[in-house]
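What follows is one structure encoded as structure tokens, with my remarks underneath.
All of these numbers come straight from a predicted model, not from anything done at the bench. Numbered from 1 within each chain, the chains take letters A, B, ... in sequence-line order.
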Amino acid sequence: MNTHSPNQLFTNHTYTLFAEVLIPLALPKNFTWAVPDHLKEAVQPGIRVEVVLGKNKKYAGLVKKTFTEKPEAFNPKPILNVLDDVPLLHPEQLAFWEWIADYYMCTEGEVMQAAIPSNLKLSSETVLMWNDSYEDEMIELDDEEFMVAEALNLKKELRLNEVQQILDASHVYPVIKRLIEKQVCLVWEELKEKYKEKKETYVILQPAYHKEEALADLLNNWQQYKAPKQMELLMAYIHLQRTQGEVSQPELLKKSGATAAQLKGLVEKNILRTEKRAVDRIGSLPKDVIIDFELSPLQQQAAEKIETLFDEKQVCLLHGVTASGKTQVYVKLIEAFIRKGKQVLYMLPEIALTTQIIRRLQKHFGGNISIYHSKFNPNERVEIWNKVKSGEARIVLGARSAVFLPFRDLGLIIADEEHDSSYKQQEPAPRYHARDAAIYYASLFQAKVLLGSATPSIESYTNAQQGKYGLVQLMERYGNVAMPQIEIVDVKRVIKKDHSKVMLTPELHQAITQSLHDKKQIILFQNRRGYSPYQICGVCGWIPQCKNCDVTLTYHKSKNKLACHYCGTTYPVIYTCSACGSNRFIQKNFGTEKIEEMITEAFPDARTARMDYDSVKGKHDHDNLIKLFEQQKIDILVGTQMVVKGLDFEHVNLVGILDADGILNFADFRVNERAYQLMEQVSGRAGRKDGLGKVMIQVSNTEHPVLGFVQQHNYQQLFQYEMENRQRFFYPPFARIIQVIFKHKDQLIAEEAAQHMVNGLKKDFGPYVFGPANPVVNRIRNQYLSELLIKLPRKAPLIQQCKLQIAQQITIINATKRYSSVHIIPDIDPV
DNA sequence: AGCACGCCGACT
DNA sequence: GTCGGCGTGCTC
């Protein structure tokens, strides 16, 4: 047993109230602090409190609940201070956090970390203070100590990062320790509120000159001041004040071209005065709701059906083909809910990339809409947080992190593009799926959830088919526009001398020529970036692979490098085969870079551009490229999946899928679902307005069933096909690997995890795949992989893909320190 | 996350 | 012999 430390003796008062406090750290369970008598009233669930954890680190923790039984196992430290007078959130959010932590196997602290804007979770900063009673000579100090002491003597206070600058080494801490020992300084832990109201200085005319005559008098007798510039400034002020009412200092100075000194002159003359005021960072638009369109009969039906279904179902799936006008249905529903006084959350994956939808919603709901995503600056996020909490914000348009906002009267959550995998957070914990979490979150408010997609995920579709969710379909394009005509082009007939793949069939070439002639735009889709994703030694068949990942390396011509698209490592180009020494490499396949080059050659008069991860690295590159394409300054756009993300282009009448084999043989566990989704989304780009679009799919395996489903836009059959295939090839192995991992569990945590897993498996689709990171798991993995090779049907490429995929997924699991969850198998039942 | 404690390699 | 690397464990 530990002996009593002085600290313990000191704090061992007779406290009668205790609080469970969340700290934004990965603590295995929540800690308890004692509530001193004078804070008893103020400490409530949802209030932030200042507490010490460890030696002297201070945190702003969040009170989860209070209780009176004194803990037996330890001596709680007292809460130092209360930071809020109003709770930071509502009880629903705390319940939600608890669920997330449980369901996604992480700590509540980690959830808190993800949920709260960074400016609301403070932790202390070490501040060094000069010790006034220190009088000895500085001679005893070594060089480093002396430098710090001298700076401290001058400034009396130093922050830790300032000390780091002085010493520019990592040796900051030992030096400070010695200085404390020598009583040169004291340390202080400072907890600072990071959120700052934005203050702006406004300029106001002194009341003495409010009357016209007084002002005219002043201007007529200006000569006495000998300050013509100040008069100009005053005139500018009067003009601004008359035209817009409020005048801010920066605006006034900018518009008048005057200096701050000149303004100061006027203030000193008691003509103007200045005042600091807190302002909103979020520019406010008028809070009108303008619905200036009529739903088509089909949309009207869909909207009505959704509302009826909501009477008995909590969740509804709106399956609407691209260009069917789902957004308009959403707008009507949002309107209905806000008229009932409810708040609405509209979630979109990767909102930072979708300016089109923001503009559309702002047009209808103006200032009622707030936008929230992780790229917002921290102060703005705090402001939105508070507005949602108070109920001032009625509609929030946000990315997955918006599910954590403290809604009060939540009525509806819309998860648009619900199939999109970026709803799943992979790293760091909490590894939540925002669509599933939203369903649980909504249930806490008795709120409704609408999932929308042109290509629903298998799990949502299953739920709808089984009657758990309502299902509403919108299978025709808005305004009776026809679905695009889909043409499948066999590339087997065209064989090249070196057996490399055909990029451009005569059919597609002809179609592009026609489109260009008609002054229309063309999208060419290829699911691989880089120049050549597959190089093989022409003599021995050796393929360059990444050292870390076993992934084949892609050649990037512009950078003249080989790159691994899994981990990002780059390698110099290989000219000589490492296996046999020959220098005959064949570039087997093609990526967007090579296509762009080829298209530029084949259509020298057309304006060609490329959109992929490599070409839109910069912050605005993506937006700019889209704008150029919208304005028809580009004729042919070559790109990866990026070109299909929720964009509407009016003048596109041809979409080419250059290598559909590459999609159909995806190394993925949900091969056909993904393939179908991709093809459907790509083809949805063509002929949105006039229905005159055409999609050409170049493929060698023309018999692949998915192609048939795509041609008929037949989701039902695809779904059946997918279920059968996944169960046969993919499902049992994963159920097995999970079982094997947990049979060999050797940590307590795995016990807990296994319980979750069993629950998941009972439903046949468990949400977790995880395991403790240790050599045992590695051994099992290897053992398992060799087993897999025997059990799977002997279709070599498929085995390769399974092997690669399992290796990659397990790598993710092992790379995580303790355990992790990977959303490989879809959640069917989040509640 | 910090920070302490503790156990092995290159240096005043 | 020590300084310092980071592996492990604990913090109410």
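- Atoms CG (A/L62) and P (C/dC12) sit 18 Å apart, rounded to a whole Å.
- Summarising the geometry, the separation between CG on A/L27 and C1' on B/dG2 is reported as 11 Å, rounded to the nearest angstrom.
- Applying the salt bridge (Lys or Arg N to Asp or Glu O under 4.0 Å) rule to A/K65 yields the partners A/E20; only residues at least two apart in sequence or on another chain are considered.
- Residues meeting the side-chain contact (heavy atoms from CB on, under 4.5 Å) test with A/A19, sequence neighbours left out: A/V21, A/V35, A/V43, A/V63, A/T66, A/I79.
- For the pair A/F31 CZ and B/dA1 C1', the computed distance is 12 Å after rounding to whole Å.
- Applying the ring pair (Phe, Tyr, Trp, His ring centres under 6.0 Å) rule to A/Y423 yields no partners; only residues at least two apart in sequence or on another chain are considered.
- If you measure from atom CD of A/E20 to atom C1' of C/dC12, you get 11 Å, rounded to the nearest angstrom.
- For A/K57, taking side-chain heavy atoms from C-beta onward, the closest of the listed nucleotides C/dC12, B/dG2, B/dA1 is B/dG2.
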Review item, side-chain donor-acceptor pairs of residues 83-94 of chain A, under 3.5 Å, at least two apart:
| from | atom 1 | to | atom 2 | distance (Å) |
| --- | --- | --- | --- | --- |
| A/D84 | OD1 | A/R48 | NE | 3.3 |
| A/D84 | OD1 | A/R48 | NH2 | 2.8 |
| A/D84 | OD2 | A/R48 | N | 2.9 |
| A/D84 | OD2 | A/R48 | NE | 2.9 |
| A/H90 | NE2 | A/K389 | O | 3.2 |
| A/Q93 | OE1 | A/H90 | N | 2.6 |
| A/Q93 | NE2 | A/F407 | O | 3.2 |
| A/Q93 | NE2 | A/Y441 | OH | 2.7 |

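- Near DNA chain C, defined here as any heavy-atom distance below 4.0 Å, the residues from residues 33-54 of chain A are A/W33, A/V52, A/L53, A/G54, listed numerically.
- Contact annotation: A/Y59 side-chain N/O to C/dC12 OP1/OP2 distance is not under 4.0 Å.
- OP1 and OP2 of B/dC3 both lie 4.0 Å or more from every side-chain N or O belonging to A/K55.
- Residues that satisfy the side-chain contact (heavy atoms from CB on, under 4.5 Å) test with A/F31, not counting sequence neighbours, are A/L27, A/W33, A/L53.
- Residue-level contact check: A/I23 touches neither bases nor backbone, having no heavy atom under 4.0 Å from any strand.
- A salt bridge is defined here as a Lys NZ or Arg NE, NH1 or NH2 lying under 4.0 Å from an Asp or Glu carboxylate O, and A/E108 with A/K29 fails to meet this definition.
- What separates NZ of A/K77 from P of C/dT11 is a distance of 10 Å, to the nearest Å.
- Between A/K29 atom NZ and C/dC12 atom P the separation is 14 Å, expressed in whole Å.
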